[in-house]
Amino acid sequence: MLEITRIRTGSDDIIEGLKKRGVDATADINALLTYDEEWRAKKAEMESIQSESNKISKEIGQFFREGKTQEANEAKEKTSALKTKEQDLKQEVNELETKIQNKLYEIPNVPQDIVPAGKSEDDNEVVEEIGEKVKFQDKAIPHWELADKYGLIDFELGVKVTGAGFPFYKGKGAKLQRGLINFFLDEAEKAGYEEVIPPLVVNEESGIGTGQLPDKEGQMYHVTEDDLYLIPTAEVPLTNMYRDVIIPNQDFSVKITGFTPCFRREAGSYGKDVRGLNRLHQFDKVELVRIEHPDRSEKALEEMVDHVKGLLEKLGLHYRVLRLCGGDLGFTSAITYDFEVYSAAQERWLEVSSVSLFETFQSNRLKLRYRGEDKKTQLCHTLNGSALALPRIVAALLENHQTDEGIKMPEAIVKYVGFEMIK
RNA sequence: GGAGAAAUGGCAGAGCGGUUGAAUGCACCAGUCUUGAAAACUGGCAUACCGAAGGGUAUCGGGGGUUCGAAUCCCUCUUUCUCCGCCA
């Protein structure tokens, strides 16, 4: 959520910036400015009436204490007119606040200057590409066939027990999963992140805090009986740890990591996108979350990007880094780098990580602030990134490291999974 | 799940329906004193919004109500604690 003060002072820049998303926010911003002005006028009026009636109330108290009952009763008469006026104004003020709030919820974050304009993923900017496509003598076998051949993952069983998109990992498939999680967590810890195991269900306020709600409730599983949501990413509970928090100094740097399963309804997905491990309703992910001083958030973003690159290199995967264009940028993000690994058998890129800087967009909703030198509270910057999401990493590992003898594990994870080859 | 009790500032803990945004203590910050520190003393110390400023308004778990006036009374929700039941 953008800050209303920013809209007051920089509406043109916001409108200009949002064009890169293909959004024309002129009407919304102008409406907001009108509501805001009206709100301030009404509120000032309401407060002066409140002030007056507070004053009279105090006088009445004084009269009673002095035993001047008649004066007190006369003063009471005066308040009734004020009261009805106050109530009317209060209602108007409330209505305006709701309107402003709803409008603010609708406006996405403003992309940073270096974010390219664009409509879809085709306009994303390839920042760099590392490694080369693996050459195979025959055609590479897709991961779902490999998973079946080596008994690693049972998709059919998942369909029976739960439904499509909820696979069973078995034997070495399960060990690979567990090993990768531990590997990612250890790497995060080495980089200074504190490990957290959060709840996997969150309340509505948390969903609003990080921007999943309102609007995108269709993407989350909703436990209606208790009005709770299954987390679509650890970002939600990890970032909401800091909802309504004021960090007492300005030298802070919060770095947390957490492994969680993630649950996504993924309504509307179909075809090759959902084949095998490409898109699941439940998947495992290690997430990084950072809360930073605005002056240090750019640096933090770079560090996170470097961290993810390091992981992909240790896994020996051919990957590329994209700077998302305005149109592909998430609602809450000011800048996002996506990481894609090359799927040798499917011959396409698979997204395995997304690292974003939200600036104050989330912290404004979260009321997440720090206390500056002048003792005033300022909004923090929030960031997060996957490091990494498991299914597509597994898909890429299986496909890219397949040999005639089996699937070779990258050196870095051998000690984590406990074997060198899947045979 | 059933029965009771409670929810006040960073913490502890007062609070009669009327200068209570809230006593007091601790913690914290600044100053005095000191070679330095401690102690002592003095002052400061919630958040948000509106306003150029003086200042104003709101907030005592959340929401609603009674009243000229609510931290204080009523309703409701949430959470915590104690006891009982159930249970990894």
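Each chain gets a letter, A, B and so on, in the order the sequences are listed, and its residues count up from 1. The basis for the numbers below is simple: all heavy atoms, side chains too, and nothing from hydrogens, waters or symmetry mates.
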> Charged N to carboxylate O below 4.0 Å: is that the case for D186(A) and K190(A)?
Replying inline: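 No, no charged N to carboxylate O under 4.0 Å.
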
>> Strictly below 4.0 Å, N to O, side chains only: are E303(A) and K299(A) in salt-bridge contact?
In response: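 Salt bridge flag = yes for K299(A) with E303(A).
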
>> Across nucleotides 47-63 of chain B, 5' to 3', mark each nucleotide with B, S or - according to how protein heavy atoms within less than 4.0 Å reach it.
In response: SSSSS----BBS-----

Would you measure the distance from the [atom1] atom in [N] across to the matching atom in [M] and give it in whole Å?
| N | M | atom1 | answer |
| --- | --- | --- | --- |
| G21(B) | C75(B) | C1' | 26 Å |
| A23(B) | U47(B) | P | 16 Å |
| G56(B) | A6(B) | C1' | 35 Å |
| C26(B) | C41(B) | P | 9 Å |
| U8(B) | G63(B) | P | 16 Å |
| G10(B) | C28(B) | C1' | 9 Å |
| C83(B) | U67(B) | C1' | 39 Å |
| A71(B) | G15(B) | C1' | 8 Å |

> Checking all strands, does I56(A) fall into the base, sugar-phosphate, or nothing category for heavy-atom contacts under 4.0 angstrom?
Replying inline: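 The answer is nothing, as I56(A) stays clear of every strand by at least 4.0 Å.
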
> What nucleic acid atoms does T79(A) come within less than 4.0 Å of, heavy atoms only: base, sugar-phosphate, or nothing?
Replying inline: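 Since only primed, P, OP1 and OP2 atoms lie under 4.0 Å of T79(A), the category is sugar-phosphate.
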
>> Please report the interatomic distance CD(E235(A)) to CG(L383(A)), rounded to the nearest 0.5 Å.
In response: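 The CD atom of E235(A) sits 10.5 Å away from the CG atom of L383(A).
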
> Between S363(A) and H381(A), is there a donor-acceptor pair closer than 3.5 Å when you use the side chain of the first and the backbone of the second?
Replying inline: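 Pair absent, no side-chain N/O of S363(A) close to backbone of H381(A).
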
>> I'd like to know if the side chain of R365(A) reaches the main chain of I208(A), judged simply by a donor and an acceptor atom lying under 3.5 Å from each other, with no hydrogens or angles considered.
In response: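 Yes.
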
Output the rounded distance in Å from [atom1] ([X]) to [atom2] ([N]).
| X | N | atom1 | atom2 | value |
| --- | --- | --- | --- | --- |
| D226(A) | U78(B) | CG | C1' | 14 Å |
| E86(A) | G69(B) | CD | P | 9 Å |
| Q87(A) | G65(B) | CD | C1' | 12 Å |

Protein-nucleic acid N or O pairs under 3.5 Å, nucleotides 19-23 of chain B:
none

> What closest approach, in Å, do S297(A) and E292(A) show between heavy atoms, and which atom pair accounts for it?
Replying inline: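 Result for this residue pair: CA-CB, 4.1 Å.
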
>> Take a 6.0 Å sphere around CG of D113(A) and say whether it holds more than 12 heavy atoms from other residues, nucleotides or ligands.
In response: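 No - once you tally the heavy atoms of other residues, nucleotides and ligands closer than 6.0 Å, there are 12 at most.
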
>> Using the ring-ring contact (aromatic ring centres under 6.0 Å, His included) criterion, which residues pair with H401(A)? Sequence neighbours excluded.
In response: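 Listed in chain order: nothing, the list is empty.
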
> Who pairs with W144(A) by ring-ring contact (aromatic ring centres under 6.0 Å, His included), at least two apart in sequence or on another chain?
Replying inline: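 Not a single residue meets the ring-ring contact (aromatic ring centres under 6.0 Å, His included) criterion with W144(A).
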
> Which of these passes salt bridge (Lys or Arg N to Asp or Glu O under 4.0 Å) with D36(A): K99(A), R6(A), R8(A)?
Replying inline: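 Among K99(A), R6(A), R8(A), the one meeting salt bridge (Lys or Arg N to Asp or Glu O under 4.0 Å) with D36(A) is R8(A).
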
>> Could you write out RNA chain B as dot-bracket? Rules: Watson-Crick or G-U wobble, both distances under 3.5 Å, brackets [ ] for crossings, | for pairs with another strand, dot for unpaired.
In response: ((((((((.[[[..)..(.....]]].(((((.......))))).(((((....))))).[[[[[..)....]]]]])))))))....

>> Could you tell me if N203(A) and S206(A) have a donor-acceptor pair between their side chains, going purely by distance under 3.5 Å?
In response: yes

> Mind checking what makes side-chain hydrogen bond (donor to acceptor under 3.5 Å, both in side chains) contact with K20(A), not counting sequence neighbours?
Replying inline: none

